[in-house]
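Have a look at the structure below before the remarks.
Labels below follow one simple rule: chain letters A, B, ... track the order of the sequence lines, proteins then strands, and each chain is numbered from 1.
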Amino acid sequence: MRLVGATALCLLFTAMQASAGGAQLRALPGGSFLPLYAAPGDTLEVVLAPFRLAEHAVTNAEYLDFVTARPEWRRSNVSPLFADENYLRHWRTDLDPGDTLRAPLDSPVCYVSWFAARAYAAWRGGRLPGTAEWEYAAGSGTGRADPELRQRILDWYAKPSRHPLPPVRSTFETDDGIWDLHGLVWEWVEDFNSALVTGESRADSDLDRKLFCAGGAVSATDLNDYAAFMRYAFRSSLGGRDCIASLGFRCAADTVIHPLKEPRP
Amino acid sequence: MKLRLCLILLLAWTGVTLAGDALPAKAACCAQTASPDGAEKVLPAESIYQLESDWLDAQGVSRRLSDFAGPVQVLAMFFTRCEYACPRILAELNTLADDLRPDEQVEFLLVSFDSEKDTPESLATFAREQGLAPERWQLLHGTAEAVRELSVVLDVAYTRLPDGMYSHASVIHVLDGQGRVLYQKQGLGGELDECKEVIHATAEKNRHSEARWKEPGSK
């Protein structure tokens, strides 16, 4: 009986973890992470606290729940401060994503701005992952470099994105149970505007250095991770209002501290 | 035993449901702000004063960005421990301040990147040391989330470095009385003449816009 009770509790807490973000949240252990960019002479490693990350990107169905509950985020109501004119442009109407040729319910929602992604995550009781968390989950900067995986990622980057988008959980799953970090959509992160290629206040005080392409690479920590360069470049090209065809998001959350141990998967 | 387990389950479940649903709604559009005379004013769609984040000023008073509606605001993001860029930003802001006539309604707003170390107390100390008069200068402390949101609205890239310092773009923003960004000066150094012109012109326009400002939905 006692054992059954304990198991039930474990299961319940797993369910709890799943409740924020719609998709199940997977616990990731903290660890040290080597950011792609580091100023020379700085402490290189970032220590990440344990966190949780949604197993898949937010789907059209999940996003429909959000705009149903929060009218201010419907396409016809959204403030131009928070989303450009492409916001949810592939949906048929405010509350109808349309048929499977437009926005299949189990495919990642795209054409959403950073502000919208953040509002969704907050609505579900979570937040967006940080760049370091996302990259860490994706295996970049952890010393777990896998040349084969890197090549597959680059192959995906080289292909035009598919329309309509395939469903979530259809590409690649990490050891931590996180799906589609590569191969489906690009994803918003909380601090997408943190990659400083030009105009930064430190590290590259010599103006001329900032004007060269190599200015960034000089202080990069892993020159072989070309896919990570592409992600940093893509993120730093974005503005918070941008709504783009192949850009979605997933939720994250801090790890809840409770007396029970994390149930093992 | 069974009863206790059921109770625990029930409690945990209620907790989950509440945590999921009890989050306050964020109005995304057309935030209203109460004017001193009590009338509701509707902010234009591009106004950054629509952000509903809470801040603390150097006196420790809770503020919303919409509290700064009215005068022209010259805004810069900075942090007090910055040794390189921020002193130069501040020097440029001081140059802009020295150029103002006493009758011009222009204020300066310094928002810190450093949500950890730049508490209201350290902002107050900084303001005192730098001789920033509280009638004209406001300094704001916010949570990491509030700072990130403002940085995205203003398009100011920044990153917290592992040693707790911040690497950031250096930008001076000129906001009109309703929180619309009219002008941004990117980078350090360079001419301030254009910035001065915008400030003077906006202060002048602002003086005559009080009437229009009250029409709901005016742009």
Side-chain angles (χ1 to χ4, degrees), chain A residues 1-2 4-5 8-9 12-13 15-16 18-20 35 37-39 42-47 69-73 77-83 114-116 118-119 122-125 127 131 190-205 207 236 238-241 256 258, chain B residues 1-2 4-5 8-9 12-13 15-31 43-48 50-51 78 82-86 88-89 144-145 148-149 151-163 165-171 179 186-189:
Chain A
M1 176 58 220
R2 203 169 279 264
V4 173
L9 267 183
L12 180 74
F13 274 108
M16 260 180 86
S19 70
Y37 288 98
D42 273 340
T43 327
L44 290 179
E45 281 187 351
V46 174
V47 178
R70 295 280 185 268
E72 68 272 23
W73 287 103
N77 294 345
V78 74
S79 164
L81 187 70
F82 298 136
W114 177 82
F115 295 99
R118 219 168 173 245
W123 175 69
R124 299 307 303 239
R127 57 177 174 79
T131 303
E190 167 74 5
D191 54 344
F192 75 93
N193 67 337
S194 65
L196 297 168
V197 181
T198 55
E200 63 182 299
S201 62
R202 254 183 66 152
D204 282 339
S205 50
L207 184 69
S236 64
L238 294 170
R241 300 168 59 252
V256 176
H258 55 74
Chain B
M1 173 62 212
K2 245 184 199 165
R4 190 186 297 175
L5 180 65
I8 293 172
L9 287 175
W13 188 250
V16 175
T17 320
L18 284 177
D21 294 343
L23 291 152
K26 274 209 165 184
C29 174
C30 316
L43 292 167
E46 320 86 292
S47 171
I48 72 158
Q50 290 175 76
L51 298 184
F78 87 117
C82 181
E83 289 167 358
Y84 173 65
C86 300
R88 291 178 62 187
I89 298 174
E145 293 75 26
R148 182 61 68 185
E149 186 181 50
S151 82
V152 171
V153 167
L154 294 172
D155 208 6
V156 177
Y158 77 94
T159 189
R160 185 184 181 278
L161 300 169
D163 63 0
M165 299 294 270
Y166 288 79
S167 178
H168 60 89
S170 302
V171 190
Q186 306 271 354
L188 295 167

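In terms of heavy-atom pairs under 4.5 angstrom with chain A, the leader among B:Asp155, B:Val153, B:Val171 is B:Val153. Counting heavy-atom pairs closer than 4.5 Å to chain A, the top residue among B:Arg160, B:Glu145, B:Gln186 is B:Glu145.
Residue B:Glu83 does not touch chain A at all, counting heavy-atom pairs closer than 4.5 Å. At a 4.5 Å heavy-atom cutoff, the contact between B:Val156 and chain A is made by backbone atoms alone.
Of all heavy-atom pairs spanning B:Ala45 and A:Ser79, the tightest one is O-OG, 3.7 Å. Between B:Arg148 and A:Arg118, the closest heavy-atom pair is CB-NH2, 4.2 Å.
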For this session: Check the pair B:Thr159, A:Asp191 against side-chain contact (heavy atoms from CB on, under 4.5 Å), reporting the backbone distance first and the verdict last.
Result: CA-CA 8 Å; B:Thr159 189; A:Asp191 54 344; 5.6 Å; no
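A donor-acceptor contact shorter than 3.5 Å is absent between the side chain of A:Asn193 and the backbone of B:Tyr158.
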